[in-house]
Trainee: 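Would you mind keeping the following structure in view while I ask a few things?
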Amino acid sequence: MEIEQYITRHTSPEDEVLSWLVRQTHLRTIHPRMLSGWVLGRFLTMVSAMVAPKRILEIGTFTGYSAICLARGLAPDGILHTVERDDELADLICQALEKAGLRERIKLHIGDAIKICPQIDEIFDLIYIDGDKREYVDYYEVAMAKLRPGGFILADNVLWGGSVLDEEFVPKDNRARGIAEFNAHIQADPRVENVLLPLRDGLMIVRKL
């Protein structure tokens, strides 16, 4: 048995809403592998439940899987704002939020997160970054400006398939370079403490001091 199979067998199962969304994502999108997936989604719910945030910001909705997982840990009066660049995904996202019973607690914004996030009149307890890898440093600075002291940033794909370890490949690939610069940027930032976990494709957890 592979380690990933063992992990999934010992993680609470995916519910009907998320299973439906996985199927729809494979049927209706070109890159279904962009889904957060079962184990990471469960982890996001756990972290959100531990923080019990009143306000969450998500940069990069895709089809809404991670937004649903994060929103399930919201405080009773909490709201999640999620920003997605691709307007063609809006219908599927809204369908998923309706099925999850979270349409009133998740506010979807369509457009460029770097422009939209500063216009959202909120200070956030928890921020999840999973957008364009080339813009991770810019997302991070936007997020830091909207995050309360003691709040958390989670950033996905920070290992980028292990390519961040290849010093010859990183300069040639815009996304790998974006991730490598992001990781180095955080490591040098005196405003935070951080830990990089080898969960899925790498998850960076950052706490604002």
Trainee: For Ile120, does its backbone N or O pair with a side-chain atom of Lys146 as donor and acceptor, under 3.5 Å?
Mentor: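 Side chain of Lys146 to backbone of Ile120: a pair is present.
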Trainee: Please answer whether the main-chain N or O of Met46 pairs with a side-chain N or O of Arg72 as donor and acceptor at a distance below 3.5 Å.
Mentor: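 Side chain of Arg72 to backbone of Met46, a donor-acceptor pair under 3.5 Å: no, none is there.
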Trainee: Same cluster or not: are Ile153 and Trp160 linked, directly or through other Ile, Leu, Val, Met, Phe, Trp or Tyr residues, by side-chain heavy atoms under 4.5 angstrom apart?
Mentor: yes
Trainee: Looking just at side-chain N and O atoms, do Ser66 and Glu58 make a donor-acceptor pair shorter than 3.5 Å?
Mentor: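 Indeed, the side chains of Ser66 and Glu58 share at least one donor-acceptor pair under 3.5 Å.
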Trainee: Could you check whether any side-chain N or O of Arg200 sits under 3.5 Å from a backbone N or O of Val39, counting only pairs where one atom can act as donor and the other as acceptor?
Mentor: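 Checking the backbone N and O of Val39 against the side chain of Arg200, no donor-acceptor pair under 3.5 Å is found.
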Trainee: Quick one: does any side-chain atom of His185 pair with a main-chain N or O of Glu181 as donor and acceptor, under 3.5 Å?
Mentor: no
Trainee: For residues Val83 and Ile106: do they belong to one hydrophobic cluster (side chain heavy atoms under 4.5 Å, members Ile, Leu, Val, Met, Phe, Trp, Tyr)?
Mentor: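 Result: no, two separate clusters.
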Trainee: Below 4.0 angstrom, N of the basic side chain to O of the carboxylate: do Lys54 and Asp125 qualify?
Mentor: no
Trainee: Decide, yes or no, whether a salt bridge links Arg28 with Asp91 under the criterion of side-chain N to carboxylate O below 4.0 Å.
Mentor: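 No.
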Trainee: Determine yes or no for a side-chain-to-main-chain donor-acceptor pair under 3.5 angstrom, with Lys208 supplying the side chain and Leu147 the backbone.
Mentor: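 Yes: the side chain of Lys208 pairs with the backbone of Leu147.
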Trainee: Can you tell me if Thr45 uses its side chain to pair, donor with acceptor, with the backbone of Cys69 under 3.5 Å?
Mentor: yes
Trainee: So, does Thr11 use its side chain to make a donor-acceptor pair with the main chain of Ile7 at under 3.5 Å?
Mentor: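 Flag set: sc Thr11 to bb Ile7 pair under 3.5 Å.
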Trainee: Can a donor-acceptor pair be found, under 3.5 Å and without considering hydrogens, that links the side chain of Asp87 to the backbone of Ile110?
Mentor: no
Trainee: Please work out whether the ring planes of His109 and His81 are parallel, tilted or perpendicular, with thresholds of 30° and 60°.
Mentor: parallel
Trainee: Can Glu141 and Arg191 be counted as an ion pair, charged N to O under 4.0 angstrom?
Mentor: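 Salt bridge flag = yes for Arg191 with Glu141.
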Trainee: Applying salt bridge (Lys or Arg N to Asp or Glu O under 4.0 Å) between Glu135 and each of Arg177, Arg175, Arg85, Lys115, report the one that passes.
Mentor: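 Looking at Arg177, Arg175, Arg85, Lys115, the match for Glu135 under the salt bridge (Lys or Arg N to Asp or Glu O under 4.0 Å) is Arg85.
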Trainee: Decide, yes or no, whether a salt bridge links Lys107 with Glu122 under the criterion of side-chain N to carboxylate O below 4.0 Å.
Mentor: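 No, Lys107 and Glu122 are not salt-bridged.
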Trainee: In the single-linkage hydrophobic clustering (I, L, V, M, F, W, Y; side-chain heavy atoms under 4.5 Å), do Leu74 and Ile68 co-cluster?
Mentor: yes
Trainee: Under the 3.5 angstrom rule, does the side chain of Asp15 hit a backbone N or O of Leu18 as a donor-acceptor pair?
Mentor: yes
